[in-house]
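Quick note on labels: first sequence line is chain A, next is B, and so on, each numbered from 1. All figures in this text were calculated on a predicted structure; none of them were measured in a lab.
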Number of protein chains: 2
Amino acid sequence: MSLTSSEENYIKAIFQLQVKDGMVSTNEVAAVLQTSAASVTDMLKKLKTKKLLVYEKYKGFKLNGEGRKLALMVLRKHRLWETFLVKILHFNWDEVHEVAEQLEHIQSQQLIDHLDDFLGNPAFDPHGDPIPDATGKMPFQSQMNLNKFPFQINGEVTAVGSQSPDILSLLEHKKITIGARIKVLQRFAFDNSFEIQINNKEQAHISAQLAEQIYVKKL
Amino acid sequence: MSLTSSEENYIKAIFQLQVKDGMVSTNEVAAVLQTSAASVTDMLKKLKTKKLLVYEKYKGFKLNGEGRKLALMVLRKHRLWETFLVKILHFNWDEVHEVAEQLEHIQSQQLIDHLDDFLGNPAFDPHGDPIPDATGKMPFQSQMNLNKFPFQINGEVTAVGSQSPDILSLLEHKKITIGARIKVLQRFAFDNSFEIQINNKEQAHISAQLAEQIYVKKL
DNA sequence: ATCTTTTTTTAGATTTGTCTAAAATAAAAT
DNA sequence: ATTTTATTTTAGACAAATCTAAAAAAAGAT
């Protein structure tokens, strides 16, 4: 089964939405892919005839086994390329997304296998997201959202929920990087914002909205 | 000026044809790109409105300065990726073409710059073809493989690819030494073997395998 | 110089992925 | 339960890149 770039983009988006929501809606996908709802419907019909998702008109949809497997392969390619760009070509981690979006559509199993080996079969990408292996298996990570992280416990930043440059530049400004030490000092009930300490030095004030994008694991 | 993948393919093909022929014909391009003459005409109109080539109906065409510059950038990308695939990912040199055809269309100046640096700014790709630098300048190729050496041109043997005693004794037998004068008289398509003349005297028959080990420069 | 063949271009159709506007359906509100 | 609002789908159009078949132009042959 081979996919066009566009099909790969849709499948990846649907996969990431259904991990959270279970069932996915047309508008959600349109929002993620910055396209119209009508275009999404068109693609859904196409993916249904390719037997990659379960879909009934007006009822929502989700990928089936084959669709999920293909989505994981797209995710694998994307994250391996991001790792390559940051680790090998010394891109900053907030510069890689757009390029990886292009590279992930290169069609060559051999290329991905060799790249994976060259990089040392990494389990996580530079944003801390898990990289599926060649069989589609995701490495487990005991990470949780910063909003749910307990007080006064040492944690390590493992991932960032969004790749948007706006968020990444804000995190950089606050010196919050993958691997940084983090401790929640105080929570303000008024707006669910936090005061946190980073790397046992700097303190920073984090809005609930930003905290939602930060994933942490206990140390 | 940004180009679609298709435009890049046409420009690259035209460039490589015009290096040899000067003026290029519709059918030549169609043959190289495995497409119809009608499609080539369509694209020519498009590239003309983009001011990348000189073209008059039924009169042939060739790239102008801007077109050549862009073609060189495509060639640069292609050859850098081939170098990466062979040197870093350990592809065999005959496996890289198809993948490099895809990779060459990735749009990111930064990516190419970083890749170039990572590879150590190579001057030649694994096939021995020159890699244009960031300004479009081609390194002068003083030596080339005997397999690529033109007919009936005087050359001088500059290097031998392998130091294996088997090869060296065969070369000695045929009186092929570093510094020897050489001229390709005939090529046999059946097995890509050659008839050559050495030092304006002896003639010898050279297998493709042996020719691959011999490097020559024009005189 | 005229006829024949080859090359090139045009005309019109097709595919993929997209769009807008309108219609159909579902969800929410009164 | 009916009306209003939101979501989703359909219908029809468009742009890019391609195709085939036919027409136009150039090149080659007699």
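OP1 or OP2 of D/dT8 sits under 4.0 Å from a side-chain N or O of A/S25. A sub-4.0 Å separation between OP1 or OP2 of C/dT9 and a side-chain N or O of B/T41 is present. Contact annotation: B/K45 side-chain N/O to C/dT9 OP1/OP2 distance is not under 4.0 Å. Of the side-chain N and O atoms in A/T26, one or more sit less than 4.0 angstrom from OP1 or OP2 of D/dT9. Between B/S6 and D/dA16 there is no side-chain polar atom (N or O) within less than 4.0 angstrom of OP1 or OP2.
Contacts of B/F188 classified as side chain to side chain contact (heavy atoms under 4.5 Å, CB included), with partners at least two apart in sequence or in another chain: B/Q186, B/D191, B/S193, B/E195, B/H205. Taking A/R76 as the reference, A/D116 meet the salt bridge (charged side-chain N to carboxylate O under 4.0 Å, His left out) condition, with sequence neighbours excluded. Scored by the side-chain hydrogen bond (donor to acceptor under 3.5 Å, both in side chains) test, B/N154 finds no partners at all (sequence neighbours excluded). For A/E104, the salt bridge (charged side-chain N to carboxylate O under 4.0 Å, His left out) partners at least two apart in sequence or on another chain are A/K12. For B/K87, there are no salt bridge (charged side-chain N to carboxylate O under 4.0 Å, His left out) partners, not counting sequence neighbours. Annotation: side-chain hydrogen bond (donor to acceptor under 3.5 Å, both in side chains) contacts of A/Q163 (sequence neighbours excluded): none. Looking at residues two or more places apart in sequence or on another chain, you find no side-chain hydrogen bond (donor to acceptor under 3.5 Å, both in side chains) involving B/D42.
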Give the table of side-chain donor-acceptor pairs shorter than 3.5 Å for residues 24-32 of chain A, with sequence neighbours excluded, one pair per line with atom names and distance.
{"unit_1": "A/S25", "atom_1": "OG", "unit_2": "A/E28", "atom_2": "N", "d": "3.3"}
{"unit_1": "A/S25", "atom_1": "OG", "unit_2": "A/E28", "atom_2": "OE1", "d": "3.4"}
{"unit_1": "A/E28", "atom_1": "OE1", "unit_2": "A/S25", "atom_2": "N", "d": "2.8"}

Kindly list each side-chain donor-acceptor pair under 3.5 angstrom involving residues 59-71 of chain B, sequence neighbours excluded, with atom names and distances?
{"unit_1": "B/N64", "atom_1": "OD1", "unit_2": "B/E66", "atom_2": "N", "d": "3.1"}
{"unit_1": "B/N64", "atom_1": "OD1", "unit_2": "B/G67", "atom_2": "N", "d": "2.9"}
{"unit_1": "B/N64", "atom_1": "ND2", "unit_2": "B/K51", "atom_2": "O", "d": "2.9"}
{"unit_1": "B/R68", "atom_1": "NH1", "unit_2": "B/L63", "atom_2": "O", "d": "3.2"}

**Request:** Take B/V216 and B/Q143, measure what side-chain contact (heavy atoms from CB on, under 4.5 Å) needs, and give me the verdict at the end.
**Result:** CA-CA 5 Å; B/V216 186; B/Q143 75 176 25; over 6 Å; no
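Listed by residue number, the members of residues 7-16 of chain A with any heavy atom below 4.0 angstrom from DNA chain D form an empty set. Less than 4.0 Å separates DNA chain D from at least one heavy atom of each of the following residues of residues 27-38 of chain B: B/T35, B/S36, B/A38. Using a 4.0 Å cutoff on non-hydrogen atoms, the parts of residues 47-63 of chain B near DNA chain C are B/Y55, B/K57, B/Y58, ordered by number.
For B/D42 and C/dA13, the CG to P distance is 15 Å, given to the nearest whole Å. Whole-Å rounding puts the A/L44 CG to C/dT18 P distance at 12 Å.
Defined by atom type and a distance below 3.5 Å, a donor-acceptor pair is present between the side-chain atoms of B/E95 and A/Q110.
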